[in-house]
Amino acid sequence: MHPFTLAFLVALAVTTLAQLWLAVRHIRHVAAHRDAVPPEFTGRITIVAHQKAADYTTARTGVGTVETAAGAVILLAFTLGGGLQAISAGWTRLLQTGGYAHGIAFIVTVAVIGGVFDLPFGLYRTFVVEARYGFNRMTVRLYFLDLAKQALLGLLLGVPLALCVLWLMAVMGDAWWLYVWLTWVAFSLLYAMLHPILIMPLFNRFTPLQDETLKGRIENLLARCGFRSQGLFVMDSSRRSSHGNAYFTGFGRAKRIILFDTLIDRLAPPEIEAVLAHELGHFSRNHVWKRMAVLFGVSLGFLWLLGYLIGQDWFYGALNVQTHTTAMALVLFFMVVPVFAFLLQPLMSLYSRRHEFEADAYAAQHAAASDLAQALVKLYQDNAATLTPDPLHSAVYDSHPPAALRIARLQTAKGSC
Ligand SMILES: [Zn+2]
């Protein structure tokens, strides 16, 4: 056995077992705390809501474990099992190996097969888990309509991007990875800019906020924080799910504030204002840019690594692939890297949680901390988010700090305006 085959198998086993172990810990921890609302939430969250959150968390984590295990099997089938090689060989009968058409056909086929494997999990999550806990509002028709739109968008955006990358890899010599990186950065920025204007309206309807009282409050908040936006919109997220949220999209002058209709239904105006102040905090502290800078830095590192691996025969051979094309190298790399990159997950989560604390601190300065705390309690309850996550599971995965910690910090925060 080639040393890299062994390294891959060991990394896959370690990553998969670590994910399963964390999930089991999480389920056990939540079950052990199911019978009592944590003391800091007594009187604010009922035992019924607490137990619903426990069961919902268990159900979701349970599906996650099956998905993790299935993902490992599929990865093995694609690589050591000869799946990628067979797909490439299949297309060779029709198209010339190493040509652009062959490369694109290969990449699209792998993506479609991956999508087909994901489908049952998506359906189960939406129509069994989400439906059982009263969150799902999607019809099967809307689900497949969304899926069709996403697939079409994936083709329209993904195929030209993949073609461009394959072309750069073919003509730019040894430094191709640098050009691919620049292309990727430009594509990401353009996508982030156009997403709210061109893509989101394909899935949801956005209407200007009508409620004058709420509008006045929000405009007041924006003025207080020295913020300009290109409008306040309400999104009909209730078509798909009853989970609530609010966020900002766009850059520079094209910034928009989007409120989910489910959030407006559920929170009082001061609470919505506090939630928006938190979102403003993300903007004001440049979290979007910082996160992008980190992602771009990491992807530069990965592309450089791919630039090295693409010339190594053992990289293909050790993963049971005989066809050495650029498309094969790309697909192989993006399949195998996550197995080795799981260690980055806790770091990214930690980074994200730091940003959440900063945004909370900003909100406490520009709105009432007690309103944000109250809104968080309501959102936790409405979303059936557990108040008692396993600490290790939370440290690895959670982009947001545990509720108790956030609220404790808000309670000690000092407001300034
Ligand atoms: Zn946040």
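Remember, it's 1-based here, ligands and their atoms both numbered in the order they're listed. Excluded from the calculations below are hydrogen atoms, water molecules and symmetry mates; all remaining heavy atoms, backbone and side chain alike, are included.
Not a single salt bridge (Lys or Arg N to Asp or Glu O under 4.0 Å) links Asp398 to another residue, sequence neighbours left out. Taking the salt bridge (Lys or Arg N to Asp or Glu O under 4.0 Å) definition, one finds that Asp55 meets it with Arg34, sequence neighbours left out.
Cation-pi geometry between Arg409 and Phe357 is met: the NZ or CZ atom falls under 6.0 Å from the ring centre, inside 45° of the normal.
At least one N, O or S atom of His278, from either the backbone or the side chain, sits less than 2.8 Å from the Zn ion (ligand 1). Distance check for His355 against the Zn ion (ligand 1): none of its N/O/S atoms falls below 2.8 Å.
Ring geometry, Tyr191 versus Phe187: the interplanar angle falls under 30°, so the pair is classed parallel (tilted spans 30 to 60°).
Considering just the N/O/S atoms of Glu356, the one nearest the Zn ion (ligand 1) carries the name OE1.
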